[in-house]
Amino acid sequence: DIRLEGYAAAILATLADDPRCRISIVTGGALSATFQLAKSTDAVVRGYAAAILANLAEEESNRRVIGREGGVDVILQLARAGDEEIQCFAAAALANLVADEISRRKLLQSGGLRTIIRLMKGGVPKVQGYATAAVCSLAETEDGLLAVGSHESMAALIQVCKSQDT
């Protein structure tokens with residue numbers, strides 16, 4: 001029932017918004033349920049899933065678990081959605097996940113940098129901000145530096161810099 005799925009997603013999103021609950025959500029096994037919510041046919045439910053993952057990724061100890069359990073691919077899929085709110089939450093999650101070595105490597109191996117660059121080039125400033133923060137964090141790591149230094153990444157960075165001219 002899509003209605004029940006929506007209520008469950010809303011409750012998890014409320015809990016994930018509270019820093020005191022974030023670790024227990026992951027250790028309690030709700031991460032795989034969140035991955036399922038991210039595949040819902042309902043955009044509102046997918047939005048809740050993106051918000052849950054963004055909030056969970058704020059917790060350092062959750063980042064590795066998210067990466068290890070396949071969350072990077074789930075978040076990248078959400079980032080490719082046409083919905084700006086979902087993209088915003090996904091970009092925020094990616095900006096946090098790149099701080100973790102496992103998640104960062106999975107992101108780079110899966111071609112996730114291309115998705116982040118596409119978000120940087122997008123027209124929504126908040127999404128651009130999170131995507132740019134993710135690229136910045138990637139550039140601060142040895143494995144991410146070469147990827148970020150590619151021609152495609154540089155072109156996106158230059159575009160962001162030029163778009164700030166007023």
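Given the structure is predicted, the values throughout are model-derived calculations rather than measurements.
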Visitor: Any side-chain heavy-atom pair from L97 and L107 closer than 4.5 angstrom?
Guide: no
Visitor: Do L145 and E142 have side chains that approach each other closer than 4.5 Å (heavy atoms only, starting at C-beta)?
Guide: no
Visitor: Among residues two or more places apart or on two chains, list those pairs meeting side chain to side chain donor-acceptor pair (under 3.5 Å) that have a residue in residues 32-46.
Guide: E5-S40
Visitor: So which atom in A93 and which in A54 form the shortest heavy-atom distance, rounded to 0.1 Å?
Guide: CB-CA, 3.7 Å
Visitor: Only pairs at least two apart or in different chains count here, so list each side chain to side chain donor-acceptor pair (under 3.5 Å) that has a residue in residues 15-30.
Guide: D18-R20, R22-E58
Visitor: As a quick check of understanding, evaluate side-chain contact (heavy atoms from CB on, under 4.5 Å) for V124 and C88, giving each step before the final call.
Guide: CA-CA 9 Å; V124 182; C88 189; over 6 Å; no
Visitor: Check side chain to side chain donor-acceptor pair (under 3.5 Å) between E101 and all other residues, then give those that pass, not counting sequence neighbours.
Guide: R105
Visitor: Return yes when atom CD of E69 has more than 12 non-hydrogen atoms of other residues, nucleotides or ligands closer than 6.0 Å, and no otherwise.
Guide: yes
Visitor: If you define the side chain from C-beta out and look only at heavy atoms, does anything of I66 sit under 4.5 Å from D100?
Guide: no
Visitor: List the steps and the verdict of side-chain contact (heavy atoms from CB on, under 4.5 Å) for L31 and L53.
Guide: CA-CA 8 Å; L31 194 56; L53 291 167; 3.9 Å; yes
Visitor: In terms of hydrophobic clustering (I, L, V, M, F, W, Y; side-chain heavy atoms under 4.5 Å; direct or indirect links), are L138 and L94 co-clustered?
Guide: yes
Visitor: Between L108 and A147, what is the shortest heavy-atom contact and its length?
Guide: CD2-CB, 3.9 Å
Visitor: Closest heavy-atom contact between G67 and V72?
Guide: CA-CG2, 4.0 Å
Visitor: Among pairs that include at least one residue of residues 73-91, which meet side chain to side chain donor-acceptor pair (under 3.5 Å), considering only residues two or more places apart or in two chains?
Guide: R80-T115
Visitor: I need the R64 CZ to R104 CZ distance, nearest 0.5 Å.
Guide: 9.5 Å
Visitor: To check you understand the geometry: which heavy-atom pair defines the closest contact between A57 and N96, and what is its length?
Guide: O-CB, 3.2 Å
Visitor: Going through the distances and angles, do V98 and V135 end up as a side-chain contact (heavy atoms from CB on, under 4.5 Å)?
Guide: CA-CA 9 Å; V98 297; V135 172; over 6 Å; no
Visitor: Would a distance-only check, ignoring hydrogens and angles, find a side-chain to backbone donor-acceptor pair under 3.5 Å from S103 to R63?
Guide: yes
Visitor: How long is the straight-line distance from CZ of F35 back to CD1 of I75, given to the nearest 0.5 Å?
Guide: 7.0 Å
Visitor: Quick check: closest heavy atoms across L119 and A131, and the distance to 0.1 Å?
Guide: CB-CB, 3.7 Å
Visitor: Is any side-chain heavy atom of L15 closer than 4.5 Å to one of I52?
Guide: no
Visitor: Linking I/L/V/M/F/W/Y whenever any side-chain heavy atoms sit under 4.5 Å apart, do Y130 and I86 land together?
Guide: no
Visitor: Ignoring hydrogens, what is the shortest heavy-atom contact between A95 and S137? Give both atom names and the distance.
Guide: O-OG, 4.3 Å
Visitor: Decide whether I117 and V148 are clustered together by the hydrophobic rule: side chain heavy atoms of Ile, Leu, Val, Met, Phe, Trp, Tyr closer than 4.5 Å, transitively.
Guide: yes
Visitor: Less than 4.5 Å apart, side chain to side chain, heavy atoms only: is that true for N55 and F89?
Guide: no
Visitor: Could you list the cluster mates of Y48? Members are the ILVMFWY residues connected by side-chain heavy atoms closer than 4.5 Å, either directly or through other members.
Guide: V44
Visitor: Hydrophobic clustering (ILVMFWY, side-chain heavy atoms < 4.5 Å, transitive) - are Y7 and I2 grouped together?
Guide: no
Visitor: Quick one: salt bridge (Lys or Arg N to Asp or Glu O under 4.0 Å) partners of R114, sequence neighbours excluded?
Guide: E152
